[in-house]
Amino acid sequence: QVQLVESGGGLVQAGGSLRLSCATSGRTFSSYAMAWFRQAPGKEREFVAAVNWIGGNTYADSVKGRFTISRDNAKKTVYLQMNSLKPEDTAVYYCAAGNRFTVLTKQYDYWGQGTQVTVSS
C-alpha cells in the first residue's frame, strides 16, 4: 500500500502562486506515475496534471502554461507549482499514484486526503 500526504494548500489572491507537495511512503516511489486532480463544489473531479516515471508530464488545457508538475524521487515527493492562479482554480486538490500514466481518475490506485486551494478575486 502507498500512503500519500499532501500539504501546501491555502488562500491566495488571483494572480498569485502556490506550491502543493505530496509526500509518499510504503512503496518504491519511482515505480509509480503520479497525478493531481481537483474537485470544486458542485463539479466532478477533473484531471489537472500527471508525471510519469522519468519526469515526462501532461496537463489539462485549463492549466497548461500556468501549472508545473514535477517529482523528486530521492525525496519520494511530487509537486504542483501553480502560478497565475485564477478564482476558477479554487478546489480541493488531490494527489494520486498508480501504475499507469493516464488522465483518468479510476485508473489511479492510491489517493491523498486532499488539500484546499482557494483563490480570491
Side-chain angles (χ1 to χ4, degrees):
Q1 187 175 353
V2 175
Q3 291 81 43
L4 309 178
V5 180
E6 299 159 319
S7 62
L11 175 65
V12 65
Q13 288 186 312
S17 298
L18 285 173
R19 189 179 76 160
L20 306 183
S21 298
C22 175
T24 71
S25 63
R27 299 276 283 185
T28 302
F29 175 78
S30 61
S31 68
Y32 290 98
M34 303 292 297
W36 290 94
F37 292 79
R38 67 186 183 187
Q39 187 166 23
K43 295 185 177 181
E44 291 189 307
R45 188 172 299 184
E46 66 175 349
F47 172 78
V48 176
V51 58
N52 67 15
W53 307 266
I54 58 173
N57 50 51
T58 188
Y59 299 91
D61 288 342
S62 60
V63 307
K64 195 172 298 181
R66 299 188 297 120
F67 291 10
T68 303
I69 188 171
S70 62
R71 65 192 298 157
D72 186 333
N73 289 343
K75 296 182 177 180
K76 299 182 179 180
T77 301
V78 64
Y79 305 95
L80 185 68
Q81 178 66 46
M82 304 185 293
N83 298 326
S84 302
L85 283 162
K86 305 174 181 179
E88 52 262 45
D89 295 318
T90 295
V92 177
Y93 283 70
Y94 297 92
C95 180
N99 293 315
R100 299 178 180 179
F101 182 56
T102 174
V103 305
L104 300 177
T105 302
K106 64 176 61 179
Q107 294 192 6
Y108 285 88
D109 301 309
Y110 306 102
W111 293 84
Q113 78 287 350
T115 185
Q116 177 71 47
V117 172
T118 302
V119 184
S120 65
S121 60

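What you are looking at is a predicted structure, and each value in this text was computed from that prediction instead of being measured.
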Going through the distances and angles, do K75 and S21 end up as a side-chain contact (heavy atoms from CB on, under 4.5 Å)? CA-CA 11 Å; K75 296 182 177 180; S21 298; over 6 Å; no
Identify the two heavy atoms, one from L85 and one from R66, that lie closest to each other, and give their separation to 0.1 Å. CA-NH1, 3.9 Å
What's the separation between atom NZ in K76 and atom OG in S25, rounded to the nearest 0.5 Å? 8.0 Å
Residues D61, K64: salt bridge by 4.0 Å N-O rule: yes
CG/D109 to CD/Q1 distance, rounded to the nearest 0.5 angstrom? 11.0 Å
Is any side-chain heavy atom of L20 closer than 4.5 Å to a side-chain heavy atom of Y79? no
Between W36 and I69 the two heavy atoms that sit nearest each other are CD1-CD1, 3.6 Å
Taking every non-hydrogen atom, the tightest pair across N73 and R71: OD1-NE, 3.0 Å
Separation between OG1 (T68) and CE (M82), nearest 0.5 Å, reads 11.0 Å
More than 12 heavy atoms of other groups within 6.0 Å of R100 CZ: no
Taken to the nearest 0.5 Å, the spacing of C22 SG from L80 CG works out to 10.5 Å
I need the minimum non-hydrogen distance between C95 and M34, along with the two atoms involved. SG-CE, 3.7 Å
Under the side-chain hydrogen bond (donor to acceptor under 3.5 Å, both in side chains) rule, collect the residues that match up with Q39, sequence neighbours excluded. none
When the ring planes of Y93 and F67 are compared, do they come out parallel, tilted or perpendicular, using 30° and 60° as the limits? tilted
If you measure from OG1 on T24 to OH on Y110, what distance do you get to the nearest 0.5 Å? 11.5 Å
Return the CH2 to OG distance between W53 and S31, rounded to the nearest 0.5 Å. 9.5 Å
Which heavy atom of A14 sits nearest to which heavy atom of P87, and what is that distance? CB-CD, 4.1 Å
On a heavy-atom basis, the closest approach of L4 and Q113 is O-OE1, 3.6 Å
Relative to the ring of F37, is the ring of Y108 parallel (under 30°), tilted (30 to 60°) or perpendicular (over 60°)? perpendicular
